[in-house]
Amino acid sequence: MVRSVAAIHPSLEIPMLIPKEKPPITVVGDVGGRIAIIVDDIIDDVDSFLAAAETLKERGAYKIFVMATHGLLSSDAPRLIEESAIDEVVVTNTIPHEIQKLQCPKIKTVDISMILSEAIRRIHNGESMSYLFRNIGLDD
């Protein structure tokens with residue numbers, strides 16, 4: 001939601017961003033004795049991930065993985081992850097996070113440099129992108 005800061009001070013014309021409220025965490029279905037995987041685009045402030053992991057653990061999930069494309073992992077996120085019910089956090093190498101990995105061995109990295117460079121090359125040459133999803137294996 002964007003509101004004007006003019007309500008605060010009439011001479012300001014800069015829009016002010018108000019963060020939207022997050023809905024409460026709800027688990028649908030039985031996770032007892034199962035592996036839970038939490039997926040998001042960015043992991044930075046880990047509070048919501050920790051709360052979700054705690055809820056899943058309370059409901060009986062025996063392993064909890066978090067997977068995110070971009071691992072910002074700011075501030076004390078590595079320490080909080082290390083002390084949490086989360087078993088592993090998997091992020092790509094779109095953002096350097098080597099220091100965070102030293103602080104928390106639960107953080108793992110997937111290197112996407114080759115697939116990203118191939119995607120850029122294909123786009124530049126007008127080639128099919130669907131090839132990447134059909135023909136690139138786990139070992140590539």
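Keep in mind the model is a prediction, meaning the values are calculated, not measured. In this chain, residues are counted from 1 in sequence order.
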Taking all non-hydrogen atoms of both residues, which atom of His70 and which atom of Ile95 are closest, and how far apart? CB-CD1, 3.7 Å
Which pairs would a plain distance check flag for residues 35-48, meaning a side-chain donor or acceptor within less than 3.5 Å of a matching protein atom at least two apart in sequence or in another chain?
| unit_1 | atom_1 | unit_2 | atom_2 | d |
| --- | --- | --- | --- | --- |
| Asp44 | OD1 | Ser74 | N | 3.1 |
| Asp44 | OD1 | Ser74 | OG | 2.4 |

Excluding sequence neighbours, so at least two apart, what forms side-chain contact (heavy atoms from CB on, under 4.5 Å) with Asn125? Arg121, Glu127
With sequence neighbours left out, the residues meeting side-chain contact (heavy atoms from CB on, under 4.5 Å) with Ala119 are Met129, Leu132
I'd like to check the side-chain contact (heavy atoms from CB on, under 4.5 Å) partners of Ile112; sequence neighbours left out, ordered by chain and number. Thr92, Asn93, Thr94, Val110, Ile115
N/O donor-acceptor pairs under 3.5 Å from side chains in residues 82-89, not counting sequence neighbours:
| unit_1 | atom_1 | unit_2 | atom_2 | d |
| --- | --- | --- | --- | --- |
| Glu83 | OE1 | Arg79 | NH1 | 3.1 |
| Ser84 | OG | Ile81 | O | 2.8 |
| Ser84 | OG | Ile86 | N | 3.1 |
| Asp87 | OD2 | Ile64 | N | 2.7 |

Applying side chain to side chain donor-acceptor pair (under 3.5 Å), name anything that partners Ser130, two or more places apart in sequence or on another chain. Ser128, Arg134
Just wondering, more than 12 heavy atoms not from Ile99 lying within 6.0 Å of its CD1? no
Reported CG-to-CG distance for the pair Leu80 and Leu50, which is rounded to 0.5 angstrom: 5.5 Å
For Thr55, enumerate each residue passing the side chain to side chain donor-acceptor pair (under 3.5 Å) test, keeping only those at least two apart in sequence or located in another chain. none
Enter the distance from Lys101:NZ to Thr109:OG1 here, rounded to the nearest 0.5 Å. 3.0 Å
Please list all pairs passing the salt bridge (charged side-chain N to carboxylate O under 4.0 Å, His left out) test where one or both residues lie in residues 48-66, with sequence neighbours left out. none
In chain order, what residues pass the side-chain contact (heavy atoms from CB on, under 4.5 Å) check against Thr26, with sequence neighbours excluded? Val28
